[in-house]
Amino acid sequence: MLTSIKENHLTNKGQELGMMYFRVAIILFGAQLLMGLIAAIQFLAPAFLFELFDFSVARMVHINALVVWMLYAMIGATYMMLTDETGHEGVAIGLGKLGFWVLTAAVTVVVLVYIIVQVGSGTEASLWLIHEGREYIEAPRWADIGIVVVVLIFYFNVFATYMKGEKTGIMTVMVANLLALAGLYIAGMWYTDNISMDQFWWWWVIHLWVEATWEVFVGTLAAYALIKIIGAKREIVEMWLWIEVLMLFGSGILGMGHHYFWIGTPEYWWEIGALFSALEPVPLIAMFVHVLYDWGKEQGIAQGKGEVGNVIKNGPAMAWIVTNAFGNFLGAGIWGFFHTLPQVNIYTHGTQFTAAHGHLSFFGAYATILIGMMYYGLQRSYGVERMKTTFKSKMGIFLTTFGVMGMTIALTIAGYEQVLVERGEMGATWNAFFTAQNLPWYIQAQLWRAIMGVVTFVGFIYLVWDLLTIGKEAQKAEA
Ligand code: HEM
Ligand code: HEM
Ligand SMILES: [Fe+2]
């Protein structure tokens, strides 16, 4: 991955820029995991790094790095496919590169400030300079404005290239969806000192990202990747894509009501949230079926023609995309559905059950396919016809997936115990909260989460090792 750009098999400048974004993404992913490990140890030994690196900071950097690396990888993937899909050179890639450096410098400064300034009062100045105190998207206002400028440059590149080039179905969805995705960020920038109103708008970003626009984005990536990796027919993947878009927006937009149960919004949100969010797993099933169907179909056609071997041109990328199909359905669809009805959510709200869902969904729906796109980028960079799965690729995907699944199960058990003891038995008092946290079921579950976190991290090391070496190995094998 380090030499991917120098290799010079990339057919256009946009792809170079895509690889630049991928590299930063993977570094931030590593930082995310290290922060998670620190926070996980602090659950078990609360004095660990106390007043040196507090839980609040570790947790904040953990989930902000998560969002930022995913956005980096999403921008990278878009640049990767832009010229391919439109048949036109990216219009202002030089400007895009400038944007990349500005964004990366800003992200570095923001993270350093998070780490250096850990405590203090929230004031108008801290809002501008330190952070905004909005979970997942804490960037201080100066950085917010910078982010908007850089994203405008990115969007200009995508939109103008699209207008000049061919307008495929995939690109049409991409261009419209990115406008919504980027525009929603602005909803998280308004400041109000009414906490209900603040949460109301904050969910427009978080929920409408992960359950509407990010999901549609993943749909476009999967469509593009299936065409490239297994030679799926464009008409078929684009037909699926339109159906998915319709269903995702149809359920996801009003599904936002499942966050409006207890924050002071009107009670009609109970019914709206329950109904529409309960429908959200349906498109996820469709996406799952679609990937497996196309794969089976292309393989069948190849066999029918008497070809030997499989149709997959990039083993690790396809493995991650199939994991995405499962992970999205399980993490978002199943684990999301578990707690989405208000009758259930009244007990599970804000327990470790939520964290279980948060881990499996972000990993299953997004980390997986974005890593798949990185492998695809590598294949292009090194100009190889086929990229085969290595031992390291297998260890990378197996250990990270097994680790995240393990953490999810441990957290689900912890959440279950909280529901029974803290909420059911003891009526959700302050005292109940601490009693539930000190029972063996909870403590053991947190221990298992930490162990499974280490497994995830070992998997990550294999993944990086593979990303750094697989390109050269594939070139050698081909020669
Ligand atoms: C890939 C898609 C998804 C991702 C990445 C995701 C992620 C998350 C995260 C991180 C939270 C915790 C937010 C917080 O800090 O308060 C959350 C909450 C929630 N999610 Fe999802 N989610 C996804 C899809 C879904 C779906 C499809 C459903 C329902 C079918 C769902 C139902 C819920 C509910 C009900 C909550 C609130 C939990 C509570 O009351 O504590 N999610 N989600
Ligand atoms: C080394 C592995 C990891 C460890 C040890 C770890 C640990 C943690 C800890 C301790 C928290 C704070 C939970 C709380 O406040 O109760 C957390 C939150 C979170 N982590 Fe991780 N994590 C890891 C990997 C990941 C991965 C791979 C993802 C997703 C791709 C992820 C996504 C999240 C999310 C979305 C939250 C917020 C959940 C919520 O508040 O509901 N983490 N993690
Ligand atoms: Fe949601």
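No hydrogens, no waters, no symmetry mates; every other heavy atom, side chains included, goes into these values. When a ligand or atom number is given, it counts from 1 through the structure's own listing order.
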Inset, instruction - Say whether Tyr375 and Gln379, considering side chains only, have a donor N or O and an acceptor N or O under 3.5 Å apart. - result: no
Inset, instruction - Establish, from distance only, whether the side-chain atoms of Thr323 and Thr368 form a donor-acceptor pair under 3.5 Å. - result: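 No donor-acceptor contact under 3.5 Å links the two side chains.
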Under 4.0 Å from any heavy atom of [X], which atoms of ligand 1 are there?
| X | value |
| --- | --- |
| Glu211 | 21 (Fe), 22 (N), 23 (C), 24 (C), 25 (C), 26 (C), 28 (C), 31 (C), 42 (N) |
| Thr354 | 12 (C), 38 (C), 39 (C), 41 (O) |
| Asn345 | 35 (C), 38 (C), 39 (C), 40 (O) |
| Gly350 | 39 (C), 41 (O) |
| Thr340 | 29 (C), 35 (C) |
| Phe337 | 29 (C), 30 (C) |
| Tyr136 | 10 (C), 12 (C), 13 (C), 14 (C), 15 (O) |
| Glu215 | 1 (C), 2 (C) |

Legend entry - Option set Ala212, Ser277, Gly273, criterion heavy-atom distance to atom 30 (C) of ligand 1, minimum: Ser277
Legend entry - Among Gly255, Ser361, Ala365, Gly364, closest by any non-hydrogen atom to atom 4 (C) of ligand 1: Ser361
Nearest neighbour in protein (non-hydrogen) for [atom]:
| atom | result |
| --- | --- |
| atom 16 (O) of ligand 1 | Trp203 CH2, 3.7 Å |
| atom 31 (C) of ligand 1 | His258 CE1, 3.4 Å |
| atom 39 (C) of ligand 1 | His349 ND1, 3.3 Å |
| atom 33 (C) of ligand 1 | His339 NE2, 3.4 Å |

Legend entry - Atom name of the N, O or S atom in His62 that lies nearest to atom 21 (Fe) of ligand 2: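 Nearest N/O/S atom: NE2.
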Compute the shortest N/O to N/O distance between [X] and ligand 1 and return yes if it is under 3.5 Å, no if not.
| X | value |
| --- | --- |
| Leu284 | no |
| His259 | no |
| Glu280 | no |
| His357 | yes |
| Trp202 | no |
| Thr351 | no |

Inset, instruction - Report yes if Arg449 has an N/O atom closer than 3.5 Å to an N/O atom of ligand 2; otherwise report no. - result: no
Legend entry - Lys/Arg N to Asp/Glu carboxylate O, Lys228 vs Glu85, below 4.0 Å: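 Looking at Lys228 and Glu85, the cut-off is not met.
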I need the contact type for [X] against ligand 2. Using non-hydrogen atoms and a strict under-4.0 Å cut-off, is it side chain, backbone, both or neither?
| X | result |
| --- | --- |
| Phe43 | side chain |
| Phe353 | neither |
| Gln42 | neither |
| Leu66 | side chain |
| Leu33 | both |

Inset, instruction - List the steps and the verdict of side chain to side chain contact (heavy atoms under 4.5 Å, CB included) for Glu280 and Glu215. - result: CA-CA 11 Å; Glu280 282 183 50; Glu215 284 285 4; over 6 Å; no
Legend entry - Trp202 atom CH2: more than 12 heavy-atom contacts under 6.0 Å: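 For Trp202, atom CH2 is crowded (more than 12 foreign heavy atoms under 6.0 Å).
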Legend entry - N, O or S atom within His207 nearest to the Fe ion (ligand 3), by name: ND1
